[in-house]
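Accompanying notes for the structure given below.
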There are 2 protein chains.
Amino acid sequence: MTESRPTVVPGQRSTRQRAAIGDLLDQLDDFRSAQDIHEELRRRGEGIGLTTVYRTLQALADAGEIDVLRTSAGEASYRRCSDTHHHHLVCRVCRRTVEVEGPAVEHWAEKVAVEHGFAQIDHTVEIIGTCSGCRS
Amino acid sequence: MTESRPTVVPGQRSTRQRAAIGDLLDQLDDFRSAQDIHEELRRRGEGIGLTTVYRTLQALADAGEIDVLRTSAGEASYRRCSDTHHHHLVCRVCRRTVEVEGPAVEHWAEKVAVEHGFAQIDHTVEIIGTCSGCRS
DNA sequence: TCCCATACTGACACCGGGTGTCGATAAGGT
DNA sequence: ACCTTATCGACACCCGGTGTCAGTATGGGA
């Protein structure tokens, strides 16, 4: 989580497919499903299998290289994010995503959990709304 | 959302199956999947189909009677909650759930979103940890 | 109390996201 | 160049959830 953000996960082979996925993630700014990413790569002429996309995204997420979000339909979506702890403000129409920070929220979550006797506290905060561009 | 919490959704017929699901939800205190609930009802001798459980829970959720949570595996889980706006503090081991309120968080989310030009703001906040009983 | 329109039920087929398998392929150290 | 082995990807499969539709049961009306 503190390394310099390599395109592939360290200790693994660098393949054309992984490079392609890494490059695409660098260009995209919003959360995309595995199928979205597969489709986009095919459109760009990359020969790549859907299974490979699924597994590579999963591996990147496990390594903390990318963030995962579950859509309300239960589908996983991925996005390359900054290394610092943050949350997401997402447009429900165009999926435009803004990273936001909220130290006060972190502290609140920690305090509330401790008050109830909980430990090893983790939390998720997502804000969804309609962005200015999508309201016209 | 302001009515007195009927066991079934208003305007619909009251059936044995819906009553059974409503009763069970009243007794449970943590989030359960549709299959959990179906299994528990069968164990108690209720003749009820899995499809009916899925649809009834979905209807109750749509009516705002119960809260829905997506597990990290993408599975939906349900729980009867209080009418007031709240968030959940859940034990990752035993799933024990505590309802918590955080007006400061609501305001923060609203403020952050408005600052970025977003409107019709909604948000999700979940806190997960290990409860005192599950740490021994 | 009986009747009946119709909401509800639930077995089953089906859908779709995602994973296990395994022979073929290719990375990269020697 | 060679060989070990990680990776790829077509395919079968898993599983949570939904559509279908014939059969059932509710509850308002006569």
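In what follows, chains carry the letters A, B, and so on, assigned in the order in which the sequence lines appear, proteins first and then strands, with residues in each chain numbered from 1.
- In this structure, B:Arg70 places its CZ atom 14 Å from C1' of C:dG18, rounding to the nearest Å.
- The closest side-chain heavy-atom distance from B:Trp108 to A:Val125 is below 4.5 Å.
- Spacing between atom OH of A:Tyr54 and atom P of C:dG20 amounts to 13 Å, rounded to whole angstrom units.
- Taking atom CZ of A:Arg32 as the reference point, atom P of C:dG17 lies 16 Å away to the nearest angstrom.
- For A:Glu115, there are no side-chain hydrogen bond (donor to acceptor under 3.5 Å, both in side chains) partners, not counting sequence neighbours.
- Helix bend of the helix from C:dT1-D:dA30 to C:dT30-D:dA1: the angle between its two end axes, each built from five pairs, comes to 30° after rounding to 10°.
- A heavy-atom distance below 4.5 Å is not found between the side chains of A:Asp36 and A:Leu28.
- Distance CD (B:Gln35) to P (D:dT18): 12 Å, rounded to an integer number of Å.
- For B:Glu75 and B:Arg16, each mapped to the nucleotide of DNA chain D holding its nearest heavy atom, the one lying further toward the 5' end belongs to B:Glu75.
- When rounded to the nearest whole Å, the span between CZ of B:Arg18 and P of D:dA25 equals 15 Å.
- Taking the side chain as every heavy atom from C-beta outward, B:His123 and B:Val112 never approach each other to under 4.5 Å.
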Please write out each protein N/O paired with an N/O of nucleotides 11-13 of chain C under 3.5 Å, distance rounded to 0.1 Å.
unit_1: C:dC12; atom_1: N4; unit_2: B:Thr51; atom_2: OG1; d: 3.3

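- Without hydrogens or angle criteria, A:Thr97 side chain to A:Arg95 main chain gives a donor-acceptor distance under 3.5 Å.
- Taking 4.0 angstrom as the limit, B:Gln58 places none of its side-chain polar atoms (N or O) nearer than this to OP1 or OP2 of D:dG17.
- Not one side-chain nitrogen or oxygen of B:Thr52 sits closer than 4.0 Å to the OP1 or OP2 atom of C:dC8.
- Proximity of a side-chain donor or acceptor of A:Arg42 to a complementary backbone N or O of A:Ile48 within less than 3.5 Å is detected.
- Here the closest heavy-atom approach between residue B:Ala61 and residue B:Ile66 is recorded as N-CG1, 3.6 Å.
- The CD atom of A:Gln12 sits 5 Å away from the P atom of D:dT7 (whole-angstrom rounding).
- In this structure, B:Ala73 reaches neither bases nor backbone, as no heavy-atom distance under 4.0 Å exists between it and the strands shown.
- At least one side-chain heavy atom of B:Arg79 sits under 4.5 Å from a side-chain heavy atom of B:Glu99.
- For A:Gln17 and C:dT25, the CD to C1' distance is 10 Å, given to the nearest whole Å.
- Interface remark: the A:Arg13 side chain does form a donor-acceptor pair with the D:dT5 base, using a distance-only criterion of under 3.5 Å.
- The structure places CZ of B:Arg44 at 5.0 Å from CG of B:Leu24, a figure rounded to the nearest 0.5 Å.
- At whole-Å resolution of the value, NE2 in B:His38 and C1' in D:dG17 are 14 Å apart.
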